[in-house]
Amino acid sequence: MVTGIVYHKKYLEHEQSPTHPERKERLAYTMDQLKEEGIFDNPKIKLLEPFEASIEDVLAVHTSSYIEFLRKESIRGGFIDWDTIVPVGLFEVALLAAGGAIRAAKAVVEGEVDNAFAMIRPPGHHAKPNIGAGFCYLNNIAIAVKWLQRNGFRRILILDWDAHHGDGTQEIFYEDDGVLFISTHQMPLYPGTGYPREVGAGDGEGYTINIPLPPGTSDEGYMMVFDEIIEPVAREFKPDFIAISAGQDNHFTDPITGLALTARGYAELMKRAVDLAKDLCDGKLMAVLEGGYSVEKALPYTNLGIIAAMAGMDISHIREPSKYLVELKWRKKESAIKKIQDNIKQVRKIHKKYWSCFK
Amino acid sequence: MVNSFWMVVGIDVGGTNTDAAIVGEEISTVKLPNELGLGDVLKKLSEIADLGNEKLIVSTSLPLNLILSKYYEIPTFVLLVPGSGLNYSSHGRILRGFVNHRGDVVEDLGVEEVKKALKEGKSADNLAIAAKFSVRNPELEHQIFNIAKKYFDERTIALSHHIGEVNFPLRVNTTVVNAKIRKTVYELTDLIKKFVGNFFFYKGDGGVIPYQVALRNPSVLFNSSPAAVAVGAYYLAREKNALVIDIGGTTTDFVVLEDGKPRIVDKLEIAGMKTLIRCVDSVSLPFGGDSAVENFSLRPVRLGKPIAFGGEHFTLTDALNCIGFDIGNAKASREAGREIFGDPRDAEGIVEKYVSMIADSVKEMEAEKIVGTGFLAKYLVPMIAKACGVNYVVPEHSEAANAVGVAVSRVSLTLYARFDTETGRVVYNGELEKCELAQCKPGHIPSDEELIEIAMEKARELAISYGASPEDVEDVRLIYFNSYTVVRDGLKKGKIADVVVQIEPGISSDVVW
């Protein structure tokens, strides 16, 4: 199995400010870890060079007035919200990030690699058709999924496991029955959406599944959600492509969220997704990097764990160092399991009229 | 021409002979058979050169290559501290402990576990120790080393952080290579030090380093002979772009010269495993002047010296004598040729076969010009050049171009520097140091340019302390740079930077062209 990694050093150039959580160390430290791990000497890994998305590709998701706004503001610097300013030169990097997601999809479709991880910045899943938000400017995964749709894919599963609800992606495909959008996210947390009752509309009714998670959700809780919701509904939906909005901010060392997933838990999740893709769609899967802010601690080896799982490498040595385990004790909440079980029950109940696996 | 006060002795231990060149106002060379042993070679040399006062540079790649050809016969015990990541249990024994990407120890060693492992592995010949991210903080490797000294001869223990470069699996493979050859390099060093107080080793990339540095990472000595040949060929023939063909006793080696420098290969494979060895890209055919002739054909084996030099087996060198050259005792060659072939001139077929084989390789490499070196070059290279229709040069002293190359090269080094101004940590080539400069004090946020300049200055300082001439260190090349700001609680607390700089191998500025 060969896994593609889309990366370009230009992804390090984007910076809102050096102290912003979404800063270049996120990728720089990960690249450090991948280099130390000798990942790029491994025949199971192929480094893929991204290209800039074309305006036409972006127009499939965003409005022309918003694209024009971004382009203009990028020349002198501008402002969307306090989390999301427009630094000079943003537009080119954002196009390269969106293009990176397309590059990943294309490499899988054309058989250049078996699956691919777009290790890109800035992230995208909060970006809506007419506006960016929450560190996001262009919705990379949506742009890539629209590209897949134009290239003959009819049933695409988007699994968004970022700690924050992928409100932008949800909105873009809310009425589309060709895209099943499943999001797990901490609640309450930014952006405040992602309730189970948000199920899609029109033709897309039933094709949006939101699974809120309480702070303190650990590996066990995630696996439970995977077993009881994600896997059965994915099998029923029968996707021809799986796209993952891979936010690594569920890790227990993440400074801006409150979840308690471990690096190994992340690798396990990805392994299950990869196995599911093998069963359902000849292994066609791509992951697009979204959030993940534990730059000092776990982000580098968490991303490594995800790549290892994608490439079918042994993940049994992805682990946490002893000095971090105290933090896990604080962060992980036994009481979360009860809440997760309730949430799962509620989601299954709401969706049983759309999906027979929940009956 | 060279500076009048300057004199360097270059030695290259080849497959059959040891070549030495004394390069000063003039060049003089000697060729001595390896059977004398390096000790006697040095003794003989000290009769014609003042070894105690002249700079001595030694290229010894061949003995090291021989050890590595028996890679699996020399068992290495490998201790690894990989922390979190891929599964390295096929590379060695995995121990508890964890150094993270910042160089912080986030999990301590289990001392009892280390002792237990060492007790079980102590029957091995040598020991390789490698911790992930040890090039950011070598602490855990040092701790294991201190325990391991009780179980292994210190000279047979190799630590991975001395390699300096980020890439754990390749660093492990390179550390294993170091563990296998380290004792031999120590013994060579002890032997040479009986004759001189200080000396240099020649590296596989054509650079020169003090022996103390080579002992830490002896893998850099790998393949130094072809590098020496290439640099020598460039120096003697003044050809910047050419294919160098070195005809030795046991092999014929090819090295491409590009812009006056030998072509270099990265991540060399040894025993099927990728390493961090960066050295000259050479191709070697197992035929040379001492290759034996059996059943009317040339064989890729050396059974002894040519008959022309008192040996008992008919060789390529003897065949050359049969077709009219006068190398050594040509008469003895021809007599032997008569016995074998009836008519000694029939030995021509042997020479022709060798020439066409080499010519085919030259054509394959699409060379436009060849420089011949080695003892037999002046006889064979004109024939090879004719057979493939290219221009050639066989310069004066070509028979010892390797030793000349060693003597005229300059001190070179690669410095892997890592600055972490939040913690005030600076790591130079895997060794943790305290940076006394104001720019790298904790909390200071230096500019990228400042950090690059500090690294360059450190490289200059190191090279000068290694014995480089001030003119040779003016040109420091930046190979890699990456930096990030360290942010804590929304505030900038420092800067992390990786800087790799190099003083490139080249001809020493002491040599005046």
Side-chain angles (χ1 to χ4, degrees), chain A residues 9 12 15 17-21 23-45 253 255-256 262-264 267 293-305 307-309 311 313-327, chain B residues 80 82-91 94 96-110 131-136 165-173 266-267 269 273-276 418 422 445 480 482-498:
Chain A
K9 67 177 196 285
L12 301 180
E15 185 171 83
S17 80
T19 58
H20 196 283
R23 57 183 186 268
K24 61 180 177 181
E25 293 97 298
R26 296 182 58 228
L27 280 193
Y29 282 162
T30 295
M31 285 306 281
D32 258 12
Q33 180 91 36
L34 299 185
K35 281 183 194 160
E36 174 69 342
E37 217 70 40
I39 275 285
F40 299 109
D41 293 307
N42 196 309
K44 288 180 173 173
I45 299 294
T253 60
I256 65 172
T262 67
R264 175 73 166 279
Y293 311 98
S294 180
V295 291
E296 295 290 334
K297 291 182 173 168
L299 186 64
Y301 60 80
T302 303
N303 279 331
L304 171 72
I307 290 164
M313 298 173 189
D314 183 357
I315 57 168
S316 64
H317 290 240
I318 304 286
R319 64 182 184 91
E320 303 297 341
S322 61
K323 288 184 184 167
Y324 296 174
L325 293 177
V326 187
E327 232 164 309
Chain B
L80 303 176
S84 180
L86 301 181
N87 184 352
Y88 293 99
S89 48
S90 63
H91 286 68
I94 290 176
R96 204 188 114 87
F98 194 140
V99 180
N100 73 5
H101 59 288
R102 282 288 305 269
D104 299 326
V105 177
V106 291
E107 185 176 282
D108 295 323
L109 287 176
K132 203 178 283 170
F133 284 119
S134 63
V135 291
R136 299 278 160 83
E165 204 170 332
V166 167
N167 191 327
F168 183 66
L170 269 55
R171 208 165 61 242
V172 171
N173 295 343
D266 274 317
K267 297 183 181 175
E269 264 189 38
M273 274 169 287
K274 268 193 189 176
T275 67
L276 290 172
R418 170 146 179 117
E422 190 205 10
I445 299 170
Y480 178 83
N482 197 13
S483 75
Y484 1 103
T485 317
V486 182
V487 176
R488 290 227 192 269
D489 306 322
L491 294 172
K492 286 194 208 180
K493 285 290 167 76
K495 195 170 203 174
I496 289 183
D498 287 295

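Computed over heavy atoms, backbone and side chain alike; hydrogens, waters and symmetry mates excluded. Below, chains carry the letters A, B, ... as their sequence lines are ordered, and counting in each starts from 1.
With a 4.5 Å cut-off on non-hydrogen atoms, B:N87 touches chain A through its backbone and its side chain both. Contacts between A:L325 and chain B at a heavy-atom distance below 4.5 Å are absent for every atom of the residue. With a 4.5 angstrom heavy-atom cutoff, B:N167 touches chain A via backbone and side-chain atoms both. Only the side chain of B:K274 comes within contact range of chain A, with at least one heavy atom under 4.5 Å from a heavy atom of that chain. No part of A:L34 comes within reach of chain B, as not one of its non-hydrogen atoms sits under 4.5 angstrom from that chain. Interface residue A:K35: backbone and side-chain heavy atoms are both found under 4.5 Å from chain B.
With respect to chain B, the highest number of heavy-atom pairs below 4.5 Å among A:H20, A:Q33, A:R319 belongs to A:R319. In terms of non-hydrogen atom pairs under 4.5 Å with chain B, the most contact-rich of A:A28, A:P21, A:A308 is A:A28. When the candidates A:L12, A:T19, A:D314 are compared by the number of heavy-atom contacts under 4.5 Å with chain B, A:T19 comes out ahead. In terms of heavy-atom pairs under 4.5 Å with chain A, the best-connected choice from B:L491, B:V166, B:D498 is B:V166. When the candidates A:R23, A:E25, A:K9, A:E37 are compared by the number of heavy-atom contacts under 4.5 Å with chain B, A:E37 comes out ahead.
Closest approach of A:A267 and A:G305 over heavy atoms only: CB-O, 3.6 Å. Taking both residues in full, the closest heavy atoms of A:Y29 and A:V295 are given as CD1-O, 2.9 Å, listed atom of the first, atom of the second, then distance.
With sequence neighbours excluded, the residues that form a salt bridge (charged side-chain N to carboxylate O under 4.0 Å, His left out) with A:E327 are A:K297.
Taken to the nearest 0.5 Å, the CD1 atom of A:I318 stands 8.5 Å off from the OG1 atom of A:T302. Considering CG of B:L86 and NZ of B:K132, their distance stands at 6.5 Å, rounded to 0.5 Å. In this structure, CG on B:N173 lies 10.0 Å from CZ on B:F168, to the nearest 0.5 angstrom.
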Inset, instruction - Report the C-alpha distance between A:E36 and B:R171 in whole Å, list the side-chain angles of each, state the deciding distance to 0.1 Å, and finish with yes or no for salt bridge (Lys or Arg N to Asp or Glu O under 4.0 Å). - result: CA-CA 9 Å; A:E36 174 69 342; B:R171 208 165 61 242; 2.7 Å; yes

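Two residues are said to be in side-chain contact when any heavy atoms from C-beta on lie closer than 4.5 Å; A:E296 and B:V486 meet this criterion.
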